[in-house]
Amino acid sequence: MSAPRVSIIVPVYNAEEYLADCLESIAGQTMGDFEALLVDDGSTDGSLAVCRHFADADPRFKALMQENAGAAAARNRALGEALGEWLMFVDSDDLVASDCIERLLAAAESHDCDIALGGYGAFKADASDFEFVGPDCPETRMAPSEALAKILYQDGLDIAPWGKLFKRGLFDGVSFPPLRSSEDLATIYKPFLKARSVALVRDSGYRYRLVAGSLSYSKHEGEAWDAMRKAADEITARFPGLRRACCCRRLSFAFHVFLISSDPGILAKTWDEIASMRKDVLFDADARRKARIAAAVSFLGRRATRATGKLMHFAR
């Protein structure tokens with residue numbers, strides 16, 4: 001039996017409410033030469049039963065089990081077993097359009113690229129009623145540094161693993177670190193440092209479900225902060241021209257942590273970061289408007305910035 005063209009990795013933890021819809025959307029792909037690795041991370045609901053149901057009904061699905069160790073460990077488990085030439089990540093509460101794999105694979109192969117990515121649709125209940133988040137440009141081939149710039153400037157692209165297709169070899173020696181948050185942030189830039197070129201499509205076909213309370217950095221902001229700084233340092237070491245883009249992303253992230261943290265040490269460190277980078281961001285024409293406003297507000301001083309930022313709901 002030949003290896004599948006694409007390995008789809010789905011970490012699963014207590015996702016019973018949405019999991020069947022997610023897996024149905026994968027099963028219905030127009031490009032059917034894939035394997036779907038479903039890694040149940042010690043769920044306490046009926047998620048494992050759903051995984052086993054799909055694995056019993058469709059040989060392309062494989063149900064894997066592990067004790068609860070987090071999404072990073074679940075993804076790493078699947079990376080160790082993936083057989084496909086390409087890798088794709090899907091979160092267990094999200095959906096993919098029927099031609100999601102087909103459009104990303106076609107773009108990657110037609111442009112001879114190692115990564116394909118694009119915008120996505122964010123929805124709450126009905127996946128057909130989504131808000132599109134994506135770059136304002138046609139399909140194109142670009143350098144990895146250009147793609148990273150769009151991610152860092154938050155120009156319609158996200159640092160999350162989903163909505164992207166990666167050549168399997170880009171993850172050789174790359175794994176998700178065992179962090180309690182921000183494991184995506186600490187990992188997904190690394191394949192871009194190794195890639196030859198990137199295919200950008202306007203819409204990847206990924207549909208991201210907005211679930212209240214599904215993601216929070218409030219308990220582990222120190223971890224998230226360290227991951228952001230390390231990522232920025234490695235990116236600028238490989239691509240010095242991305243220094244300003246990294247400054248923008250670091251300031252945005254620092255501002256977010258500064259507003260939610262109650263740890264005096266982290267508040268001091270993030271404020272120092274904001275103060276050291278605000279001029280670069282304020283006068284960077286490529287920085288998004290929200291980041292430049294945050295940089296400008298910071299000149300009001302620490303206390304006023306925190307109060308104003310919370311009122312204006314600045315976020316990452």
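- Residue L37 is not grouped with residue L48 when hydrophobic side chains (ILVMFWY) are merged at heavy-atom distances under 4.5 angstrom, including chains of intermediate members.
- In summary, the side chains of Y18 and D94 do not present any donor paired with an acceptor at a separation below 3.5 Å, with no hydrogens or angles considered.
- In this structure, CD on Q66 lies 8.0 Å from CG on D40, to the nearest 0.5 angstrom.
- Put simply, the side chain of L87 does not reach to within 4.5 Å of the side chain of V6, judged on heavy atoms.
- Taking 4.5 Å as the limit, every side-chain heavy atom of F54 sits out of range of all side-chain heavy atoms of L19.
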With side chain to side chain contact (heavy atoms under 4.5 Å, CB included) as the test, would you mind laying out the steps for L300 and T308 before giving the verdict?
CA-CA 9 Å; L300 296 174; T308 304; 4.1 Å; yes

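- L95 and S25 make their closest contact through CA-OG, 3.7 Å (heavy atoms, listed as atom of the first residue, atom of the second, distance).
- In this structure, the separation between OG1 on T236 and CG on L148 is 11.5 Å, given to the nearest 0.5 Å.
- The minimum heavy-atom distance between L200 and P135, with the atom names listed, is CD1-CG, 3.9 Å.
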Criterion side chain to side chain contact (heavy atoms under 4.5 Å, CB included) on M31 and L105, from CA distance to verdict
CA-CA 9 Å; M31 204 299 289; L105 188 59; 4.3 Å; yes

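- Distance alone, capped at 3.5 Å, is enough to place a donor-acceptor pair between the K164 side chain and the A160 backbone.
- For K150 and E146, the salt-bridge test fails: no basic side-chain N is under 4.0 Å from an acidic carboxylate O.
- Inspection of the S128 and D126 side chains reveals an N or O donor paired with an N or O acceptor under 3.5 Å.
- Side-chain contact between I26 and V90 is present, with at least one heavy-atom pair separated by less than 4.5 Å.
- Distance alone, capped at 3.5 Å, is enough to place a donor-acceptor pair between the R141 side chain and the H111 backbone.
- Using a 4.0 Å cut-off between charged side-chain N and carboxylate O, R75 and D91 make a salt bridge.
- Scanning all heavy atoms of the two residues, the minimum distance from K194 to G169 falls at NZ-O, 3.7 Å.
- Residues L152 and C246 share a closest heavy-atom pair of CD1-SG, 3.8 Å.
- Cluster membership check: W271 does not share its hydrophobic cluster with L282, using side-chain heavy-atom separations under 4.5 Å among Ile, Leu, Val, Met, Phe, Trp and Tyr.
- Going from atom CZ of F192 over to atom NZ of K190 covers 14.0 Å, rounded to the nearest 0.5 Å.
- In this structure, CZ in R292 is found 7.0 Å from CG in D284, a value given to the nearest 0.5 Å.
- In this structure, R60 does not pair ionically with D33, as no charged nitrogen and carboxylate oxygen lie closer than 4.0 Å.
- A salt bridge is absent between E139 and R202: the closest approach of a Lys/Arg side-chain nitrogen to an acidic carboxylate oxygen does not fall below 4.0 angstrom.
- With a 6.0 Å cutoff to the six-membered ring centre and a 45° limit on the axis angle, R207 does not count as a cation-pi contact of Y120.
- Taking CZ from F253 and CZ from F258, the interatomic distance works out to 15.0 Å, rounded to the nearest 0.5 Å.
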Mind running side chain to side chain contact (heavy atoms under 4.5 Å, CB included) on S298 and T305 for me, showing each step along the way?
CA-CA 5 Å; S298 72; T305 296; 4.2 Å; yes

With salt bridge (Lys or Arg N to Asp or Glu O under 4.0 Å) as the criterion, how do R238 and E234 come out once you've worked through the C-alpha distance, each side chain's angles and the decisive distance to 0.1 Å?
CA-CA 6 Å; R238 175 69 176 84; E234 290 192 21; over 6 Å; no

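- Looking only at atom types and distance, the side chain of E16 has no donor-acceptor partner in the side chain of S47 under 3.5 Å away.
- The existence of a salt bridge linking E109 and R5 is confirmed by a sub-4.0 Å separation between a basic side-chain nitrogen and an acidic carboxylate oxygen.
- Surrounding CG of D136 are at most 12 heavy atoms belonging to other residues, nucleotides or ligands under 6.0 Å away.
- Each of C22, C51, S92, P11 was scored for a side chain to side chain contact (heavy atoms under 4.5 Å, CB included) with L38, with one residue passing: C51.
- You'll find the side chain of F166 reaches within 4.5 Å of the side chain of I188, heavy atoms only.
- Residues W162 and F123 are members of separate hydrophobic clusters, defined by side-chain heavy-atom contacts under 4.5 angstrom among Ile, Leu, Val, Met, Phe, Trp and Tyr.
- Contact annotation: the side chain of R244 never approaches that of D286 to less than 4.5 Å [non-hydrogen atoms, C-beta and beyond].
- Considering only heavy atoms from C-beta on, D99 stays 4.5 Å or farther from Q29 through its side chain.
- For the pair A232 and R250, the tightest heavy-atom approach, listed with the atom from each and the gap, is CB-CD, 3.4 Å.
- We find the CG-CG distance between D45 and N14 to be 4.0 Å, quoted to the nearest 0.5 Å.
- Checked against the 6.0 Å centroid threshold, F89 and F171 count as a close aromatic pair.
- Within the 4.5 Å cutoff, no side-chain heavy atoms of K124 are placed close to those of R209.
- C100 places a side-chain heavy atom less than 4.5 Å from the side chain of M88.
- Hydrophobic clustering of Ile, Leu, Val, Met, Phe, Trp and Tyr side chains at less than 4.5 Å, counting indirect connections, unites W86 with F34.
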Would you sort out whether L251 and E273 count as a side chain to side chain contact (heavy atoms under 4.5 Å, CB included), showing the intermediate values?
CA-CA 7 Å; L251 180 134; E273 180 90 342; over 6 Å; no

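- Both Y189 and L185 sit in one connected hydrophobic cluster of ILVMFWY residues. Membership requires side-chain heavy atoms under 4.5 Å apart, directly or through other members.
- Closest non-hydrogen pair, P177 versus A186, comes out as CG-CB, 3.7 Å.
- In this structure, the side chain of D41 does not engage the main chain of V12 through any donor-acceptor pair within 3.5 Å.
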